[in-house]
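Here the structure comes first, spelled out in structure tokens, and everything after it is commentary.
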Protein chains: 2
Amino acid sequence: MLDPLPFFKALADETRLRIVLLLQDQGELCVCEIVHALELSQPKVSRHLSQLRSAGVLSDRRQGQWIFYAVDRHLPAWAEAMLGNAAVAATAWLDNDRARLLRMGDRPQRQAACC
Amino acid sequence: MLDPLPFFKALADETRLRIVLLLQDQGELCVCEIVHALELSQPKVSRHLSQLRSAGVLSDRRQGQWIFYAVDRHLPAWAEAMLGNAAVAATAWLDNDRARLLRMGDRPQRQAACC
DNA sequence: ACAATATATACGCCAAAACGTATATGTCAT
DNA sequence: ATGACATATACGTTTTGGCGTATATATTGT
């Protein structure tokens with residue numbers, strides 16, 4: 001049920017924090033979009049995504065060849081509040097990462113998550 | 001000016017998180033009170049207090065032989081908000097640590113901080 | 001069935017961080 | 001000056017965690 005300590009550990013890494021903030025801003029992104037936006041290697045991003053999912057911060061769904069990650073919809077209220085606060089305080093990173101994402105061509109189409 | 005990443009790193013350790021939550025709850029405590037409340041060794045507590053002060057999360061003042069630590073009064077609003085949220089989510093720890101603190105005998109007298 | 005694409009994982013390596021123990025520093029009382 | 005108390009720091013060890021490279025798995029299109 002996601003305690004504060006594992007939550008802080010999950011966010012105590014630059015790569016993971018940038019991923020979570022970008023996902024909170026963008027709603028849902030596939031791995032290759034995150035790789036492009038953060039300018040990091042695919043295995044590095046995948047490893048951190050895996051950690052964030054195990055920690056219960058992110059959820060994923062497969063759609064064809066892509067796997068879309070998003071901030072878990074059932075995050076406790078205190079955790080959502082913290083992400084909101086973090087976003088305010090980390091505008092610089094978020095602005096850059098979002099800008100690079102929007103410059104990316106050939107982004108996969110999203111289908112509405114079922115039900 | 002305390003960025004989110006160092007702040008998360010500061011709280012991503014059980015000892016440090018318990019210290020910060022207890023201080024937020026109690027206002028100001030000397031090292032020996034924290035040692036007693038958390039049931040940890042003095043060097044361990046001192047080391048973590050030092051890290052939290054360097055990170056800008058705590059401030060300290062000397063009063064005679066004691067050094068009192070407290071959550072820094074100039075913490076950014078987003079950081080204070082996060083601590084409030086963390087306290088809500090970590091009630092179990094906080095309750096135990098506070099209870100042990102109150103059971104402690106011979107606690108030093110506090111003088112109002114000057115000016 | 002095969003090639004191309006997207007993603008995950010395994011392995012070995014290196015660096016960061018936490019720890020226990022011992023010791024240093026600073027303050028007070030006698 | 002000395003001893004007692006409170007706190008900090010140094011040192012060596014161990015654990016944890018992140019990384020790059022290589023490889024495995026899964027899906028799609030031909």
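In what follows, chains are A, B, ... by sequence order, proteins preceding strands, each numbered from 1.
For A:Gln42, whose side chain is taken as the heavy atoms from C-beta onward, the closest listed nucleotide among C:dT7, D:dT7, C:dA18 is C:dT7. Side chain of B:Trp66, nearest nucleotide from D:dG18, D:dT7, D:dG20: D:dT7. The side chain of B:Pro43 lies closest to C:dA22, out of C:dT7, C:dA22, C:dA18. Here the side chain of A:Thr15 is nearest to one of D:dC19, D:dT9, C:dG20, namely D:dC19. For B:Arg47, the side-chain atoms get nearest to D:dT9 when compared with the rest of D:dT9, D:dG18, D:dT7. The side chain of B:Gln65 has D:dA6 as its nearest neighbour among D:dT27, D:dA6, D:dT7.
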Check step by step if salt bridge (Lys or Arg N to Asp or Glu O under 4.0 Å) holds for B:Arg110 and B:Glu33. CA-CA 12 Å; B:Arg110 276 146 198 78; B:Glu33 290 173 317; 2.4 Å; yes
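Rounded to an integer number of Å, the gap from CD1 of A:Ile67 to P of D:dT27 is 9 Å. With rounding to whole Å, A:Asp13 atom CG is found 11 Å from C:dA17 atom P. Rounded to a whole Å, the CD1 atom of B:Ile19 is 12 Å from the P atom of C:dA18. In this structure, the CD atom of A:Gln63 is 13 Å from the C1' atom of C:dA6, given to the nearest Å. Note: NZ (B:Lys9) to C1' (C:dA15) measures 12 Å, nearest angstrom. Spacing between atom CD1 of B:Ile34 and atom P of D:dA8 amounts to 9 Å, rounded to whole angstrom units. Remark: C1' of D:dT27 and CZ of A:Phe68 are 14 Å apart, rounded to the nearest angstrom. Rounding to whole angstrom units, CZ of residue B:Phe8 and C1' of C:dA17 are separated by 20 Å.
No hydrogens or angles considered: nothing links the side chains of A:Gln51 and A:Arg53 as a donor-acceptor pair under 3.5 Å.
Nearer to the 5' terminus of DNA chain D, by closest-nucleotide assignment, is the contact made by B:Arg62 (compared with the other of A:Ser41 and B:Arg62). Position along DNA chain C of the nearest nucleotide to B:Ala12 versus A:Arg53 favours A:Arg53 as the more 5'-ward residue.
Transitive grouping of hydrophobic side chains (ILVMFWY, heavy atoms separated by less than 4.5 Å) brings A:Leu11 and A:Phe8 into a common cluster. One hydrophobic cluster, built from ILVMFWY side chains closer than 4.5 Å, cannot hold both A:Val35 and A:Trp66; they sit in different ones.
Not a single donor-acceptor pair under 3.5 Å links the side chain of A:Arg18 to the backbone N or O of A:Asp13.
Note on B:Gln51: only backbone sugar-phosphate atoms sit closer than 4.0 angstrom, heavy atoms only; bases stay farther off.
Note on B:His48: every side-chain N or O is 4.0 Å or more away from OP1 and OP2 of C:dA17. The phosphate of D:dA8 has OP1 or OP2 within less than 4.0 Å of a side-chain N or O from B:Tyr69.
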